[in-house]
Student: 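The structure that follows is given in the form of structure tokens.
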Amino acid sequence: MTQQIDAMQMNRKATLILDDGTRFEGRSFGYERPVAGEVVFNTAMTGYPESLTDPSYAGQLMVLTYPLVGNYGVPPRDFAPNGISTFMESEKIHAEAIIVSDYSPEYSHWNAQCSLGDWLQQEHIPGITGIDTRALTKKLREHGVMMGRILLEGIDEQPAEAHYGEVNYVDKVSCKEIICYTPDGESRRFPTDAFGEEEIAAMNSAGKKRVVLLDCGVKHNIIRCLLKRDLFVIRVPWNYDFNVLPFDGLFLSNGPGDPDTCEAAVLNIRQALGGDKPICGICMGNQLLAKAGGATIYKLKYGHRSHNQPVRMVGTEKCFITSQNHGYAVDSATLGEEWEPLFVNMNDDTNEGIRHKTKPFFSSQFHPEACSGPLDTEFMFDKFAELLG
């Protein structure tokens, strides 16, 4: 029955219109409402449940380059007792819409609970199929980043005008309270104005190393990776002054949008740089760490939107295949004398991570936690845990 309903939903004509007027026509298979956002592509062959729930895609229309999508359905939206999703990367879909070449309403997988179309319906997310995604991706690769909007036949409503770089998407996706996680699977939430040493001691009775996780749009697999290494995690909002807390290390998460909208986080990180506690950043965390250290950030013409980006560790011949989704990069030429590049992108030589020359501060622009994507660089979590002592 679910698959029959899904097929019936694929009748309404849907049109993607890019900023330059280019039109791509297809059919709707998700929730039917007009939307607008930054049009980006994703080269993964699998992993659409993880990518759609990645907060880094907030405000974006996600184009999947792999031609067949939906054939393995959607896994259960289950959550562990500590609130971490079992199969997803957050509590909901963050992408504004999904655009595919050939959507399959018929799915088969041992862990599938529903179709992709039904999931989009439930979360009010539009989906378009029948688009020439190869031509669309080529257009984006030649022109660079573009805004776009999706219109539906028979629906006169117009989407709100989108200005991706002017919106603080980090504030939209970050937690609004403090959440503590223990390695044994417990969690507890606290108001930001009623949290301190007593609450930490009560939760962390086993005396585990305490890591402040600055939530700029954190993926759940980052939290899983930290807990797996026997760490006590204190997740705080992006603009919370974590320097007032007793902690052993600071972890800066991924997140969507322009890092220049996060000045409050930069100021708090800059204060932490005055100490010697280990700091690790991922994606947006890499950019915020660089800004706190005095470097500048610029918007990439194309962005890095794939699960197979090669990066090299500077000073070595080691190359890793990485998962990425970002439109901004650190300008390595603006790094201060105390800092140096840690990784470089082998396709375009852009910065993919930095490190301090004398203090235990380092970061990556790519996603070592992946999910979905390759796990070549998960060793960065091991390095961070080792630095905690």
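Nothing here was measured: the structure is a model prediction, and the numbers come from that model.
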Student: Would you say Asn254's side chain and Gly217's backbone share a donor-acceptor pair under 3.5 angstrom?
Tutor: yes
Student: Under 4.5 Å between side-chain heavy atoms, counting indirect links through other Ile/Leu/Val/Met/Phe/Trp/Tyr residues: same cluster for Leu61 and Leu152 or not?
Tutor: no
Student: Can you tell whether the side chains of Arg33 and Glu157 come within less than 4.0 Å, N to carboxylate O?
Tutor: no
Student: Quick one: are Lys228 and Glu378 in side-chain contact, heavy atoms under 4.5 Å?
Tutor: yes
Student: With a distance cut-off below 6.0 Å to the six-membered ring centre and an angular limit of 45° from the axis, does Lys209 pair with Phe232 as a cation-pi contact?
Tutor: no
Student: Would a line drawn from the ring center of Tyr57 to the ring center of His94 be shorter than 6.0 Å?
Tutor: no
Student: OG1 of Thr137 to CZ of Arg134: how many Å apart, nearest 0.5 Å?
Tutor: 9.5 Å
Student: Does the side chain of Leu300 reach to within under 4.5 Å of the side chain of Val145, using non-hydrogen atoms?
Tutor: no
Student: Applying side-chain contact (heavy atoms from CB on, under 4.5 Å), run through Ile128 and Val100 and close with a yes or a no.
Tutor: CA-CA 6 Å; Ile128 303 181; Val100 305; over 6 Å; no
Student: Considering only NZ, NE, NH1 and NH2 on the basic side and carboxylate oxygens on the acidic side, decide whether Arg312 and Glu317 come within less than 4.0 Å.
Tutor: no
Student: Output yes when Lys291 and Asp260 qualify as a salt bridge under the 4.0 Å nitrogen-oxygen rule, no when they do not.
Tutor: yes
Student: In terms of hydrophobic clusters joined by side-chain contacts under 4.5 Å, are Leu16 and Met146 together?
Tutor: yes
Student: Are there more than 12 heavy atoms of other residues, nucleotides or ligands under 6.0 Å from atom NZ of Lys172?
Tutor: no
Student: First locate atom CG of Asn268, then atom CG of Leu273, and finally report the distance between them rounded to the nearest 0.5 Å.
Tutor: 11.0 Å
Student: Please check if the side chain of Ser85 supplies one atom and the backbone of Glu91 the other of a donor-acceptor pair under 3.5 Å.
Tutor: no
Student: Any salt bridge linking Lys92 with Glu123? Criterion: basic side-chain nitrogen under 4.0 Å from a carboxylate oxygen.
Tutor: no
Student: Tell me whether Asp20 is salt-bridged to Lys139, with the criterion being a basic N under 4.0 Å from an acidic carboxylate O.
Tutor: yes
Student: Under a 4.5 Å cut-off applied to non-hydrogen side-chain atoms, are Ile131 and Ser101 in contact?
Tutor: no
Student: Can you see whether Tyr181 has Arg235 sitting over its ring - NZ or CZ less than 6.0 Å from the centre and within 45° of the normal?
Tutor: no
Student: Could you check whether any side-chain N or O of Ser323 sits under 3.5 Å from a backbone N or O of Ala370, counting only pairs where one atom can act as donor and the other as acceptor?
Tutor: no
Student: Are Lys301 and Glu142 ion-paired here, with the side-chain N under 4.0 Å from a carboxylate O?
Tutor: no
Student: Mind checking whether Lys208 and Asp230 have side chains closer than 4.5 Å, heavy atoms only?
Tutor: yes
Student: Is a side-chain N or O of Thr350 found less than 3.5 angstrom from the main chain of Asn345, in a donor-acceptor match?
Tutor: no
Student: Determine whether the aromatic ring centres of Tyr48 and Tyr66 lie less than 6.0 Å apart.
Tutor: no
Student: Are Leu120 and Tyr103 grouped together when hydrophobic residues (ILVMFWY) are joined by side-chain heavy atoms under 4.5 angstrom apart?
Tutor: yes
Student: Which of these passes salt bridge (charged side-chain N to carboxylate O under 4.0 Å, His left out) with Lys176: Asp193, Asp215, Asp171?
Tutor: Asp171
Student: Side chain of Glu199, backbone of Gly196: donor and acceptor closer than 3.5 Å?
Tutor: yes
Student: With rounding to the nearest 0.5 Å, note down the distance linking SG in Cys280 to CD1 in Ile282.
Tutor: 5.5 Å
Student: Assess the pair Tyr72 and Tyr107: is the distance between their ring centroids shorter than 6.0 Å?
Tutor: no
Student: Are Ile179 and Tyr240 connected in the hydrophobic side-chain network, where two residues link if heavy atoms are under 4.5 Å apart?
Tutor: no
Student: Hey, are Glu340 and Arg355 close enough for a salt bridge, meaning a charged N less than 4.0 Å from a carboxylate O?
Tutor: yes
Student: Quick one: is the NZ or CZ of Lys299 closer than 6.0 Å to the six-membered ring centre of Tyr328, and within 45° of its axis?
Tutor: yes
Student: Do the ring planes of Phe381 and Phe251 sit parallel (below 30°), tilted (30 to 60°) or perpendicular (above 60°)?
Tutor: parallel
Student: Just one of Val40, Asn325, Thr322, Asp348 clears the side-chain contact (heavy atoms from CB on, under 4.5 Å) bar with His304, so which one?
Tutor: Asp348
Student: Given side-chain contact (heavy atoms from CB on, under 4.5 Å), test Met88 with Val74 step by step and report yes or no.
Tutor: CA-CA 10 Å; Met88 309 291 189; Val74 176; 3.6 Å; yes
Student: Under the side-chain hydrogen bond (donor to acceptor under 3.5 Å, both in side chains) rule, collect the residues that match up with Asp382, sequence neighbours excluded.
Tutor: Arg229
Student: Heavy-atom distance under 4.5 Å between the side chains of Phe242 and Ile269, does that happen here?
Tutor: yes
Student: Which is it for Phe195 and Val236 under the side-chain contact (heavy atoms from CB on, under 4.5 Å) test, yes or no, and what are the steps along the way?
Tutor: CA-CA 11 Å; Phe195 184 78; Val236 302; 5.8 Å; no
Student: Does the pair Gln309 and Glu352 meet the rule for a side-chain hydrogen bond (donor to acceptor under 3.5 Å, both in side chains), with working shown?
Tutor: CA-CA 10 Å; Gln309 286 277 339; Glu352 289 283 356; over 6 Å; no
Student: Using the side-chain hydrogen bond (donor to acceptor under 3.5 Å, both in side chains) rule, take Ser364 and Asn286 through it: C-alpha gap first, then chi angles, then the decisive distance, then the call.
Tutor: CA-CA 6 Å; Ser364 69; Asn286 174 63; over 6 Å; no
Student: Identify whether the distance between the nearest side-chain nitrogen and carboxylate oxygen of Arg224 and Glu89 falls below 4.0 Å.
Tutor: yes
Student: Side chain of Ser28, backbone of Glu32: donor and acceptor closer than 3.5 Å?
Tutor: no
Student: What I want to find out is whether Arg189 reaches Glu177 closely enough, with some N-O distance under 4.0 Å, to be called a salt bridge.
Tutor: yes
Student: Kindly indicate whether the side chain of Asn42, heavy atoms from C-beta on, has any atom under 4.5 Å from the side chain of Val63.
Tutor: no
Student: Any side-chain heavy-atom pair from Glu369 and Leu375 closer than 4.5 angstrom?
Tutor: no
Student: Say whether, by atom type as modelled, one donor and one acceptor occur between the side chain of Asn351 and the main chain of Val330 under 3.5 angstrom.
Tutor: no
Student: Would you find a donor on one side and an acceptor on the other, under 3.5 Å apart, between the side chain of Ser205 and the backbone of Ala202?
Tutor: no
Student: Rounded to the nearest 0.5 Å, how far apart are CH2 of Trp238 and OG of Ser174?
Tutor: 8.5 Å
Student: Begin from the C-alpha positions of Phe379 and Phe320 and carry the test ring pair (Phe, Tyr, Trp, His ring centres under 6.0 Å) through to its verdict.
Tutor: CA-CA 11 Å; Phe379 65 82; Phe320 307 96; 5.3 Å; yes
Student: First locate atom NE2 of His220, then atom SG of Cys371, and finally report the distance between them rounded to the nearest 0.5 Å.
Tutor: 11.0 Å
Student: First locate atom CD of Gln121, then atom NE2 of His124, and finally report the distance between them rounded to the nearest 0.5 Å.
Tutor: 8.0 Å
Student: Would you say that Ile354 contacts Leu289 through its side chain, given a criterion of any heavy-atom pair below 4.5 Å between the two side chains?
Tutor: yes
Student: After noting the C-alpha distance and the side-chain angles of Trp339 and Lys357, does the key distance pass the side-chain contact (heavy atoms from CB on, under 4.5 Å) rule?
Tutor: CA-CA 6 Å; Trp339 296 85; Lys357 293 180 180 178; over 6 Å; no
Student: Determine yes or no for a side-chain-to-main-chain donor-acceptor pair under 3.5 angstrom, with Ser90 supplying the side chain and Thr53 the backbone.
Tutor: yes
Student: Are Val173 and Leu213 joined in one hydrophobic group, where the rule is that I, L, V, M, F, W and Y side chains link up if heavy atoms are under 4.5 Å apart?
Tutor: no
